[in-house]
Amino acid sequence: VQLVESGGGLVQAGGSLRLSCAASGRTFSSKVMGWFRQAPGKEREFVAAIRWSGATTAYADSVKGRFTISRDNAQNTVYLQVNSLKPEDTAVYYCAAGTIITRQEERYDYWGQGTQVTVSS
């Protein structure tokens, strides 16, 4: 499974972005897609996850109400709509593919290269 993120950039506090993750290869082997982020000097942390089938989603408490994860099965693409951005949201955002919804990054089998999101105050 290959994952390619896009959509990051520089945005002012309060702004929005839509991150995309295009999946290719043996995508049928991955039932769940997740987003994680890693800020400078910090460990990578869970952001959100979604099943390819059904409507099950999960979010980190820090992004609930501001971020929305969605999928387009026909395009094999997962999105992360990020609204009301704060400077503390600045990080490299990674998408990952796995088989169960979990916040544990070690349970995800495939990772993209990441896309940088920078929020200025």
Side-chain angles (χ1 to χ4, degrees):
V1 176
Q2 292 79 46
L3 304 174
V4 179
E5 302 98 331
S6 61
L10 173 63
V11 62
Q12 289 188 332
S16 299
L17 289 170
R18 190 176 79 157
L19 309 183
S20 300
C21 175
S24 61
R26 295 169 57 90
T27 56
F28 58 85
S29 65
S30 299
K31 300 179 176 60
V32 169
M33 296 294 291
W35 283 96
F36 288 75
R37 67 185 181 184
Q38 187 167 22
K42 295 187 176 181
E43 294 185 351
R44 189 156 55 186
E45 64 176 0
F46 172 80
V47 175
I50 189 169
R51 291 187 184 281
W52 280 115
S53 61
T56 304
T57 59
Y59 293 93
D61 289 343
S62 59
V63 306
K64 279 181 181 177
R66 299 189 299 122
F67 291 11
T68 303
I69 190 170
S70 62
R71 73 205 188 287
D72 182 334
N73 291 42
Q75 298 293 324
N76 282 341
T77 300
V78 174
Y79 303 98
L80 187 68
Q81 179 68 41
V82 295
N83 298 329
S84 302
L85 282 163
K86 306 174 182 179
E88 51 263 43
D89 293 318
T90 295
V92 177
Y93 284 70
Y94 299 90
C95 70
T99 55
I100 63 170
I101 286 192
T102 176
R103 300 168 188 265
Q104 300 174 313
E105 63 174 280
E106 61 268 23
R107 301 298 296 271
Y108 290 82
D109 303 309
Y110 304 97
W111 292 82
Q113 82 290 348
T115 186
Q116 176 72 47
V117 171
T118 302
V119 185
S120 63
S121 56

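Everything numeric in this text was worked out from a predicted model, so none of it was measured. Just the heavy atoms: all of them, side chains too, but no hydrogens, waters or symmetry mates, feed the values below.
Checked options Tyr94, Phe36, Tyr108, Phe67; the residue passing with Phe46 is Phe36 (criterion: ring pair (Phe, Tyr, Trp, His ring centres under 6.0 Å)).
Here the closest heavy-atom approach between residue Leu17 and residue Gly9 is recorded as CD1-N, 4.0 Å. What you find for Leu80 and Tyr93 is that their closest heavy atoms are CD2-CD2, 4.2 Å. Of all the heavy atoms in Asn83 and Ser16, the pair that sits closest is OD1-OG, 2.9 Å. Closest heavy-atom contact between Arg37 and Ser62: NH2-OG, 3.6 Å. The two residues Lys42 and Gln38 come nearest to each other via the heavy atoms O-NE2, 3.1 Å. Minimum interatomic distance between Ala13 and Pro87 (heavy atoms only, all atoms of both residues): CB-CD, 4.2 Å.
Remark: Ile100 CD1 to Arg51 CZ distance equals 8.5 Å, nearest 0.5 Å. Interatomic distance, OG of Ser70 versus CE of Met33, reported as 11.5 Å (0.5 Å rounding).
In the hydrophobic clustering of ILVMFWY residues, with side-chain heavy atoms under 4.5 Å counting as a link, Leu3 and Tyr79 come out apart. Hydrophobic clustering places Tyr110 together with Trp35 (ILVMFWY residues linked when any side-chain heavy atoms are closer than 4.5 Å, directly or through intermediates). Criterion: ILVMFWY side-chain heavy atoms under 4.5 Å apart, direct or through other members. Under it, Val119 and Val63 are part of a common hydrophobic cluster. Cluster membership check: Val47 shares its hydrophobic cluster with Val11, using side-chain heavy-atom separations under 4.5 Å among Ile, Leu, Val, Met, Phe, Trp and Tyr.
Side chain of Glu5 to main chain of Gly114: a donor-acceptor pair is present (N/O by atom type, distance under 3.5 Å, no hydrogens or angles). Under a 3.5 Å cut-off, the side chain of Gln81 and the backbone N or O of Thr68 do not form any donor-acceptor pair. Side-chain N or O atoms of Arg103 include one that pairs as donor or acceptor with a backbone N or O of Tyr59 at under 3.5 Å. The backbone N or O of Glu45 lies less than 3.5 Å from no partner atom in the side chain of Glu105, so there is not a single donor-acceptor pair. Remark: side-chain polar atoms of Arg71 are paired, donor with acceptor, to backbone N or O of Trp52 under 3.5 angstrom.
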Quiz item: Do Leu19 and Thr115 pass the side chain to side chain contact (heavy atoms under 4.5 Å, CB included) test, and can you show the C-alpha distance, the side-chain angles, and the key distance before you say yes or no?
Solution: CA-CA 8 Å; Leu19 309 183; Thr115 186; 4.2 Å; yes
Exercise. Apply side chain to side chain contact (heavy atoms under 4.5 Å, CB included) to the pair Gln75 and Ser20, showing each step before the final yes or no.
Key: CA-CA 11 Å; Gln75 298 293 324; Ser20 300; over 6 Å; no
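Counting heavy atoms from C-beta outward, Thr90 and Gln116 have side chains that approach closer than 4.5 Å. A heavy-atom distance below 4.5 Å is not found between the side chains of Val117 and Val82.
Shown here is Glu106, whose CD atom has more than 12 heavy atoms of other residues, nucleotides or ligands within 6.0 Å. More than 12 heavy atoms of other residues, nucleotides or ligands sit less than 6.0 Å from atom CD of Gln104.
We find that Asp89 and Lys86 are not joined by a salt bridge, their nearest charged nitrogen and carboxylate oxygen being 4.0 Å or further apart.
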